[in-house]
Amino acid sequence: MLNLAKIIVDVPTMQTNEPYTYRIPEFLSDQLQRGMRVIVPFGNGSRKIQGIVWDIDYAGTFDGQLKDIESVMDLSPVLNSELLSMSKWMANKTFSFQISCILTMLPGVMHAKYQKQLKLLDSSIDNEDVKKLFYKSKIIDFNPEELENDILKNIIKLKRNNKIEIKYNVKNKAHAKKILGIQPIIKPSDVETIFKDVRKNAVNQQKLLTYIKDNPQEIIAQRYLCNKYNISESTIKTAIKKKWLIQTQIEEYRNPYKQKVERNYPLKLNNEQQSAVNKINDPIINSLDKVFLLEGVTGSGKTEVYLQAIQKALSMNKTALMLVPEISLTPQMSRRVKGRFGDRVAMLHSGLSNGERYDEWRRIERGEADVVVGARSAIFAPLNDIGIIIMDEEHDSSYKQDETPRYHTRDVAKWRAKYHKCPVVLGSATPSLESRARATKGLYDLIKLPHRINNKSLPKVNIIDMKNELINNGDEDFSDELLNAINNRISKGEQIVLMLNRRGYSSFIMCRTCGFVLKCPNCDISLTLHMDTKTMKCHYCGHEEQIPYKCPNCNDNKIRYYGTGTQKVQSKLQKLVPNSRIIRMDVDTTRKKGAHERLLQKFGQGKADILLGTQMIAKGLDFPNVTLVGVLNADTSLDLPDFRSSEKTFELLTQVSGRAGRAEKNGLVYIQTFNPDNYAIQLSKNQDYEQFYRTEMHLRHITNYPPYYFTVKITSSDVNESKAASKMFEISKILKAKLSNQTIMLGPSPSSILRIKNKYYYQIILKYKNEPNLHACLEYILQHYQKDAQKGLYVNIDPDPLNFM
DNA sequence: AGCACGCCGACT
DNA sequence: GTCGGCGTGCTC
């Protein structure tokens with residue numbers, strides 16, 4: 001049979017998580033292909049939804065009544081067979097629906113927009129409210145959420161009596177940008193004759209005719225033509241009237257690159273870099289899937305290694321995919337890659353509008369771009385013939401999606417590399433323990449770059465015990481040493497990076513009389529004082545309220561601010577070092593589009609002395625004039641209740657230290673802490689990753705944590721605390737019964753923040769080494785508890801969670 | 001997701 | 001009896 005197709009429908013439920021069979025109507029039989037989006041009828045009535053063609057020419061086994069595919073939404077497939085099979089693997093791996101995986105692979109504009117309309121069939125309705133709704137038209141948009149309850153009831157009644165019909169529309173948001181083009185329609189040979197009839201002083205028409213003679217039939221953007229030949233729009237209009245040319249629509253890519261980039265060329269590599277490139281080139285040349293872990297200290301020139309490996313892939317007529325954490329996709333980085341490979345580069349990052357993203361995607365899909373640079377979701381770029389996949393800062397937590405489907409970019413990268421038989425390069429100064437452990441086991445090839453380029457020495461790191469400082473000078477934010485160093489650098493005209501991993505002004509306020517702490521009404525978290533808006537803010541749900549001047553509890557006025565955030569440091573620093581120019585960079589100052597770039601650019605141009613920010617300034621910045629880095633409080637990440645807190649702290653301190661002394665001048669780093677003897681802090685002093693790795697691995701080993709164990713986090717959430725809790729206990733019973741006793745279960749227990757946005761969270765952590773039954777068991781749980789989702793009780797499975805919080 | 005069906009209590 | 005609330009199950 002040739003007239004059937006398997007469709008993955010856009011209904012994310014367990015029961016519909018398999019292809020549905022539809023008939024292919026005659027008029028579509030020629031054009032329908034795998035991987036195209038289609039519109040299909042679904043359910044009773046006239047409901048229509050989007051679907052993806054999973055298979056064609058399929059001998060159906062479904063024995064019910066089949067329906068016809070209604071229409072196709074694409075001229076060519078939007079998913080190739082690689083991405084189609086990957087979606088299936090991914091759904092299985094992340095315990096999510098295949099349609100959810102497919103949609104995360106596609107640019108947002110390709111997700112269908114569903115719109116409902118009401119059509120009046122019989123105008124003799126007597127309900128005044130509904131009549132008013134229709135006013136003068138027969139068809140109106142229908143948004144049940146926006147309507148009052150009894151109007152809605154009346155509409156449903158009228159629908160039952162066939163006086164109103166509900167129309168379902170599936171809208172395609174993917175539109176190519178069209179601009180006005182013109183095309184000459186006269187023969188070049190006729191131009192001479194026409195030319196004679198044109199008045200002598202009609203200069204512009206003559207110009208146009210000359211153009212037509214030289215470029216017969218050629219379609220050109222009207223705007224471009226007018227500019228180039230200095231012809232006005234009215235001349236074109238006349239030409240159309242005289243039937244010299246016709247107007248058409250031509251497609252144009254939205255251009256997100258406003259600035260011109262300067263061409264740059266491969267740099268001379270040192271021996272270490274050259275040997276790294278050679279090792280990576282081998283599997284590119286020989287089409288082998290291989291994973292490299294490129295462990296290079298900050299400033300060791302990893303980026304140049306990446307670029308030259310990409311060059312190799314391109315020279316083999318293959319494509320290249322380079323992934324970077326969103327935050328390090330700075331204009332610096334873009335310029336470097338674009339400057340090297342020019343128009344062959346497509347960029348995918350959050351700064352693009354939906355349309356721009358769609359256009360970059362299509363350039364890749366059409367083969368017009370063969371180098372893709374982007375953040376997490378760029379791993380789904382529709383490249384063919386991939387020759388190399390690079391993941392820079394592979395330890396970065398933004399590579400894991402923190403909503404369903406909870407995929408890790410590294411896993412997808414390895415899958416694609418296997419498919420394309422190409423190498424993956426995981427690069428970092430501080431690899432994740434998982435990756436480093438795999439390298440030790442021989443699963444990955446370890447390449448080390450232990451030296452900075454040009455044999456630049458690593459910055460000198462000083463650890464300052466803030467317990468002493470507090471006793472000596474009474475300041476909990478600035479030690480004398482750091483302050484002196486700041487003054488010294490400013491007087492020399494050098495720049496400073498200061499990190500404080502806490503935004504806002506003060507982290508909480510407390511009444512000194514009764515001990516009351518102002519908390520968020522929706523979350524179990526204290527409110528942070530923000531001075532810019534003069535409000536108390538919740539960093540989890542965004543709740544804002546007035547700053548109380550009296551204690552809401554005991555009415556006393558002894559309210560005090562505790563804990564320092566970036567805002568407070570900024571104003572304090574301004575007083576301590578009055579002539580300094582400070583740029584503050586945190587979520588609050590970078591919320592607007594492009595703000596991130598603007599601030600960095602300003603700092604790079606030397607228009608400020610101090611860059612003060614949260615962890616977002618720790619990565620990838622390369623400013624030659626920065627000679628001093630200060631970490632104001634190294635303990636914030638250390639205090640997190642999570643098994644990865646040491647790893648996070650070491651990583652952050654190493655990364656931020658690496659910002660100092662990257663050019664000729666030597667770098668100096670001060671790390672302020674209340675735990676000066678902590679190993680994560682001590683070892684970051686010499687960027688001693690290997691020693692940190694050994695110490696941390698030992699701890700993970702004796703405490704049974706990853707990478708010695710695999711983990712899964714199961715979370716339940718509900719507005720009712722006891723419902724969330726009891727569901728988790730029920731699940732724990734099932735798990736206990738079904739899993740082997742080698743698997744360790746932590747919990748059920750309340751999540752470390754019990755309540756967020758008025759929902760309570762309970763969780764179970766499973767730690768296991770080998771549990772063949774686990775997958776089926778978790779699938780069973782999902783299936784079993786899906787019906788609760790309608791009542792607002794959600795059960796979530798997070799495989800290999802990045803944290804246990 | 002969105003819809004219908006069917007069971008139950010409350011009401012004309 | 002009938003209306004409408006909600007729990008349940010199905011959609012090729």
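Because the structure is a prediction, the values reported are computed rather than measured.
Here dG2(B) presents its P atom at 13 Å from CG of Leu152(A), a figure rounded to the nearest Å. In this structure, Met14(A) atom CE and dA1(B) atom P are separated by 14 Å, rounded to whole Å. In this structure, CD1 of Ile49(A) is placed 8 Å from P of dC12(C), rounded to the nearest angstrom. Here the P atom of nucleotide dG2(B) and the CD atom of Gln115(A) are 13 Å apart, to the nearest Å.
Centroid-to-centroid, the aromatic rings of Tyr22(A) and Phe62(A) stay 6.0 Å apart or farther.
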Could you list the protein-to-nucleotides 4-11 of chain C atom pairs, N/O on both sides, closer than 3.5 Å?
{"from": "dT11(C)", "atom 1": "O3'", "to": "Gly43(A)", "atom 2": "N", "distance (Å)": "3.1"}

Could you go through nucleotides 5-11 of chain B and list every protein N or O atom that sits under 3.5 Å from one of its N or O atoms, giving the distance for each pair?
none

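A search for ring pair (Phe, Tyr, Trp, His ring centres under 6.0 Å) contacts involving Tyr761(A) returns nothing, not counting sequence neighbours. Residues passing the side chain to side chain donor-acceptor pair (under 3.5 Å) test with Ser740(A), sequence neighbours excluded: Glu771(A). Take Asp289(A) and apply the side chain to side chain donor-acceptor pair (under 3.5 Å) test, not counting sequence neighbours, and it matches no residue.
A salt bridge is defined here as a Lys NZ or Arg NE, NH1 or NH2 lying under 4.0 Å from an Asp or Glu carboxylate O, and Glu70(A) with Lys48(A) meets this definition. The existence of a salt bridge linking Arg410(A) and Glu394(A) is confirmed by a sub-4.0 Å separation between a basic side-chain nitrogen and an acidic carboxylate oxygen. A salt bridge is defined here as a Lys NZ or Arg NE, NH1 or NH2 lying under 4.0 Å from an Asp or Glu carboxylate O, and Lys177(A) with Glu356(A) fails to meet this definition.
Residue Lys159(A) has a polar side-chain atom (N or O) positioned under 4.0 Å from OP1 or OP2 of dA4(B).
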Please tabulate, for side-chain N and O atoms in residues 729-738 of chain A, each donor-acceptor pair with protein atoms closer than 3.5 Å (sequence neighbours left out).
{"from": "Glu730(A)", "atom 1": "OE1", "to": "Tyr785(A)", "atom 2": "OH", "distance (Å)": "2.9"}
{"from": "Ser732(A)", "atom 1": "OG", "to": "Phe729(A)", "atom 2": "O", "distance (Å)": "2.7"}

